[in-house]
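Notes follow once the structure below has been shown.
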Protein chains: 4
Amino acid sequence: MGSNSEAAGRKKPSFIEQARRAQIVAAAAEVVAEVGYAHTSFARIAEKAGISKGVITYHFSSKDEILRLVATQFFDQCWQHMEARISAQETAAGQVRAWIGSQLEFFGAHRTKFLAMSDIMANHRSEDGSHAYARELAEEVNGLAEILAQGQRDGGLRQFDTRSVANIILRCADGVLGSWAMDPSVDLEAESAALLDFIDHAIGRESS
Amino acid sequence: MGSNSEAAGRKKPSFIEQARRAQIVAAAAEVVAEVGYAHTSFARIAEKAGISKGVITYHFSSKDEILRLVATQFFDQCWQHMEARISAQETAAGQVRAWIGSQLEFFGAHRTKFLAMSDIMANHRSEDGSHAYARELAEEVNGLAEILAQGQRDGGLRQFDTRSVANIILRCADGVLGSWAMDPSVDLEAESAALLDFIDHAIGRESS
Amino acid sequence: MGSNSEAAGRKKPSFIEQARRAQIVAAAAEVVAEVGYAHTSFARIAEKAGISKGVITYHFSSKDEILRLVATQFFDQCWQHMEARISAQETAAGQVRAWIGSQLEFFGAHRTKFLAMSDIMANHRSEDGSHAYARELAEEVNGLAEILAQGQRDGGLRQFDTRSVANIILRCADGVLGSWAMDPSVDLEAESAALLDFIDHAIGRESS
Amino acid sequence: MGSNSEAAGRKKPSFIEQARRAQIVAAAAEVVAEVGYAHTSFARIAEKAGISKGVITYHFSSKDEILRLVATQFFDQCWQHMEARISAQETAAGQVRAWIGSQLEFFGAHRTKFLAMSDIMANHRSEDGSHAYARELAEEVNGLAEILAQGQRDGGLRQFDTRSVANIILRCADGVLGSWAMDPSVDLEAESAALLDFIDHAIGRESS
DNA sequence: AATGAATGAGATTTCATTCAT
DNA sequence: AATGAATGAAATCTCATTCAT
């Protein structure tokens with residue numbers, strides 16, 4: 001069954017192998033962004049990548065594996081970008097701003113992959129029908145909630161339920177990205193600024 | 001050609017016809033909520049409704065028509081519910097709270113249909129690949145932005161770009177609903193309260 | 001089973017019954033002429049006639065019965081028209097001219113029904129796969145061949161195989177009608193004249 | 001997307017690909033000849049070819065593509081055969097005889113494909129409902145009309161409207177083929193001779 | 001006499017996946 | 001490592017026909 005790279009026991013992924021996989025994942029992202037999750041097929045991915053359908057199943061064990069990679073790889077890249085920005089800040093409020101700001105900045109710079117990731121995350125389900133990325137999102141909420149809690153201890157932020165607000169803030173950002181996803185003419189930078197201001201007022205102490 | 005209800009010129013939809021259509025739409029909503037947009041099929045809808053596949057195409061001209069109805073009917077119902085609440089308020093801040101509060105309340109009371117509506121709206125595209133419900137959402141933003149502008153004129157709300165903030169607020173609410181959609185154990189009422197508080201702080205004058 | 005009027009044993013077809021049947025047959029002819037045999041369906045016939053699908057199967061036992069009637073009724077009407085013209089002629093050459101001339105004249109005056117009849121005759125098959133109207137056409141050939149034979153005996157026509165030539169002449173006429181069927185801008189009267197002239201030269205004695 | 005051979009840009013059709021396509025086209029011709037255009041389905045074609053339905057849609061993009069090929073390939077083959085015969089003749093009368101004679105000869109030698117081609121040409125329509133092969137037929141008429149005009153200039157043929165008569169002659173030939181199509185026991189060679197004689201008398205100068 | 005509703009068979013088409021080469 | 005070919009399940013949709021009212 002070729003060199004399907006399921007969790008454990010894979011051989012040594014050669015350079016060529018890696019390159020092919022990356023190429024296929026990239027093509028898949030473009031296709032999802034263009035025609036949507038429901039109309040994404042092996043045929044379209046192969047066509048976009050300029051290869052035959054067979055190559056895809058040679059390198060991947062299933063369609064789901066590819067799409068999962070499209071979403072998670074990009075998600076991870078984004079997180080790397082964000083982490084650097086966040087850790088450069090010292091105050092909680094600064095870290096929250098860095099979190100949201102860098103996220104919007106990163107996604108704004110990679111529209112196609114963002115569209116693909118959104119679509120895949122919205123549609124991928126586990127076998128029991130539940131959402132497939134619930135855990136990842138929960139971890140995000142926890143991470144931001146911790147920052148908020150620190151801000152409350154430091155006195156930079158007012159009192160509120162940190163998990164609820166962390167969730168709200170993250171969803172806010174998703175929402176703004178969503179409106180830009182629907183309509184590319186939206187000025188994401190301006191919306192981003194408005195959002196940061198909005199959040200500042202929502203969580204900061206009144207004197208701020 | 002059955003009794004397909006295309007735009008103009010339909011006869012008089014009989015009672016039994018109406019009932020069947022409603023039954024099918026309800027079954028479709030359940031199926032979408034359960035297995036997701038991509039895996040919703042005539043076969044599953046028919047099975048859920050306990051009827052034959054043929055009945056569906058007898059009453060509807062296409063799969064899209066059914067799913068569009070699932071989304072728009074529920075959307076309209078929600079709006080009716082919200083309108084009553086909103087118009088009962090006199091201050092802009094109150095109207096914003098009523099808007100968001102009643103929306104979360106209504107969707108919270110109809111989980112299945114909400115899940116279906118979300119999924120359909122996320123996946124339905126026009127023929128050109130653009131989002132199918134962009135117009136509806138833009139109208140919502142405009143409506144809320146007007147309220148915000150009134151609040152600014154009245155002095156109840158601080159200064160900000162009304163359209164950006166209206167969009168953010170609506171997306172916030174969507175986001176909170178989204179987290180509840182993913183995990184039914186989320187206490188939507190509590191999250192709703194947290195959100196209203198969040199918004200209050202974000203848009204209210206500092207003295208508030 | 002309603003009042004299906006199969007060959008034997010039918011009750012007394014009431015006036016209303018007759019009218020409905022005629023209406024349905026007329027609607028069927030229009031539909032066949034418009035969309036072609038393959039795309040003719042009960043739904044379209046009912047829509048064209050402004051009645052429900054059920055009425056059709058109430059009055060006819062099958063789709064084939066209706067279409068067969070469309071073809072044969074019109075065929076019979078044409079033959080009635082032709083017979084009068086033919087019998088008014090005394091010479092064989094005159095009768096041949098009357099035959100072809102009156103046929104083209106009649107069909108030319110009823111384009112829609114002619115298109116329907118052609119399409120149906122081309123597509124209707126018996127159960128064994130053979131052409132359904134072979135017998136009718138054979139009879140036509142025989143009829144015309146007799147006239148030709150008489151003409152040869154009378155000396156008005158030159159010698160040739162009467163059945164072959166009768167067939168050729170009839171097919172000639174069909175062909176001219178076919179070119180008009182494809183392109184309504186064809187001047188059928190002029191083509192008809194050219195055809196009569198063509199036939200005259202083909203079968204007449206050289207001195208003619 | 002398989003190897004669908006849409007107009008431009010197709011790769012290099014491999015030998016095996018060509019063979020499969022030819023096999024499928026041949027099977028389709030047989031099916032059309034047997035059950036008629038209206039009852040020709042992928043299932044029957046696949047069964048006839050001894051392959052699965054999927055293979056067909058792998059090699060062809062639609063049913064129409066296959067049937068169009070059945071008709072046009074055979075039409076082209078016939079024309080190749082005819083061209084050789086026609087150009088071997090020097091007089092217009094000879095060319096007309098060669099035209100019709102070689103056409104009947106070719107079709108007579110390939111009954112199944114002829115039946116299929118006829119059926120397809122009679123039923124294929126463009127999207128606007130008009131006949132799909134009108135252009136091809138018009139070209140044929142023009143070609144033959146030119147020969148007739150040359151014959152008139154040379155003095156071999158009498159005066160008549162060349163386009164009308166060209167049309168009539170071609171339709172004559174179709175007609176004779178049609179009667180043989182309906183009844184395979186018809187002696188096509190004899191009919192062909194009768195037709196050539198018929199045409200000779202119809203268009204030749206009286207002294208001929 | 002008529003109708004609307006329902007059915008189920010069958011049509012075309014898409015597609016993930018397997019396999020021989 | 002790659003490919004083209006093949007498959008068969010499943011999806012949407014059409015339609016003649018049946019039936020209760």
Side-chain angles (χ1 to χ4, degrees), chain A residues 1-3 14 16-17 19-20 38-46 51-64 66, chain B residues 1-4 11-17 19-21 38-46 51-64 66, chain C residues 1-3 14 16-17 19-20 38-46 51-66, chain D residues 1-3 11-17 19-21 38-46 51-64 66:
Chain A
M1 196 172 289
S3 54
S14 73
I16 269 190
E17 160 89 9
R20 262 279 186 261
H39 294 119
T40 296
S41 67
F42 273 22
R44 276 196 237 244
I45 295 172
I51 57 178
S52 85
K53 258 188 304 184
V55 194
I56 303 180
T57 40
Y58 178 75
H59 289 285
F60 297 91
S61 61
S62 75
K63 191 183 170 185
D64 263 23
I66 304 169
Chain B
M1 201 168 289
S3 50
N4 293 331
K11 303 292 165 64
K12 41 171 166 61
S14 71
F15 172 70
I16 208 168
E17 159 93 9
R20 261 280 185 266
R21 283 174 67 93
H39 295 116
T40 296
S41 68
F42 276 19
R44 276 195 237 244
I45 296 173
I51 55 179
S52 86
K53 267 185 296 182
V55 190
I56 302 181
T57 44
Y58 174 74
H59 289 284
F60 297 91
S61 57
S62 75
K63 191 182 168 186
D64 261 25
I66 304 171
Chain C
M1 194 170 290
S3 53
S14 72
I16 270 190
E17 160 90 9
R20 262 279 186 262
H39 294 119
T40 296
S41 68
F42 273 22
R44 276 196 237 242
I45 296 172
I51 56 178
S52 85
K53 257 188 304 182
V55 193
I56 303 180
T57 40
Y58 178 75
H59 289 286
F60 297 91
S61 61
S62 75
K63 190 181 170 185
D64 264 21
E65 192 198 346
I66 304 171
Chain D
M1 202 172 290
S3 51
K11 302 294 167 61
K12 37 168 172 52
S14 71
F15 173 70
I16 207 169
E17 157 94 10
R20 261 280 185 264
R21 283 174 66 92
H39 296 116
T40 296
S41 69
F42 276 19
R44 276 195 237 242
I45 296 173
I51 56 180
S52 86
K53 266 186 297 181
V55 189
I56 303 179
T57 44
Y58 174 75
H59 290 285
F60 296 91
S61 58
S62 74
K63 192 182 168 187
D64 260 25
I66 304 171

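Note on naming: letters A, B, ... go to the chains in the order of the sequence lines (proteins, then strands), and numbering restarts at 1 for each one.
- Atom pair D/Phe15:CZ and E/dT21:C1' shows a separation of 16 Å (rounding to whole Å applied).
- Between D/Lys53 and C/Lys63, the residue anchored nearer the 5' end of DNA chain F, judged by the nucleotide with its closest heavy atom, is D/Lys53.
- Rounded to whole angstrom, the span from the CD1 atom of D/Ile45 across to the P atom of E/dT12 amounts to 8 Å.
- Atom NE2 of C/His59 is separated from atom C1' of E/dA2 by 8 Å (rounded to the nearest Å).
- Minimum heavy-atom separation, B/His39 to B/Arg44: O-NE, 3.0 Å.
- Rounded to the nearest 0.5 Å, atoms CZ (A/Phe42) and OG (A/Ser62) are 6.5 Å apart.
- Taking side-chain N and O atoms only, C/Tyr58 has no distance below 4.0 Å to OP1 or OP2 of E/dA2.
- Judged by closest nucleotide on DNA chain E, C/Val55 is the one of A/Ser41 and C/Val55 placed further toward the 5' end.
- Between C/Arg20 and E/dA2, a side-chain N or O to OP1/OP2 separation shorter than 4.0 Å is present.
- To the nearest 0.5 Å, the span separating CZ on B/Arg20 from CZ on B/Phe60 amounts to 11.0 Å.
- The line from CD1 of D/Ile56 to CD1 of D/Ile51 is 5.0 Å long, rounded to the nearest 0.5 Å.
- To the nearest angstrom, P of F/dC13 lies 5 Å from CZ of B/Phe42.
- Atom pair A/Phe60:CZ and E/dT18:C1' shows a separation of 18 Å (rounding to whole Å applied).
- For the pair D/Ile16 CD1 and F/dT3 P, the computed distance is 17 Å after rounding to whole Å.
- Along DNA chain E, the nucleotide nearest C/Ser52 and the nucleotide nearest D/His39 are compared for position; the residue whose nucleotide lies closer to the 5' end is C/Ser52.
- Here the C1' atom of nucleotide E/dT14 and the CZ atom of A/Arg44 are 10 Å apart, to the nearest Å.
- Comparing E/dT3, F/dA5, E/dT7 by their nearest atom to the side chain of D/Glu17 picks out F/dA5.
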Pair assignment for DNA chain F - dot-bracket with | for other-strand partners, Watson-Crick or G-U under 3.5 Å: .||||||||||||||||||||
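- Between the CD1 atom of D/Ile56 and the P atom of E/dC15 there is a distance of 18 Å, given to the nearest Å.
- Scanning both residues, C/Ala46 and C/Ser52, for their nearest heavy atoms gives CB-C, 3.9 Å.
- Atoms CD1 and CD1, on B/Ile66 and B/Ile45 in that order, are 5.0 Å from each other to the nearest 0.5 Å.
- Atom OG1 of C/Thr57 and atom CD of C/Glu65 lie 11.5 Å apart (nearest 0.5 Å).
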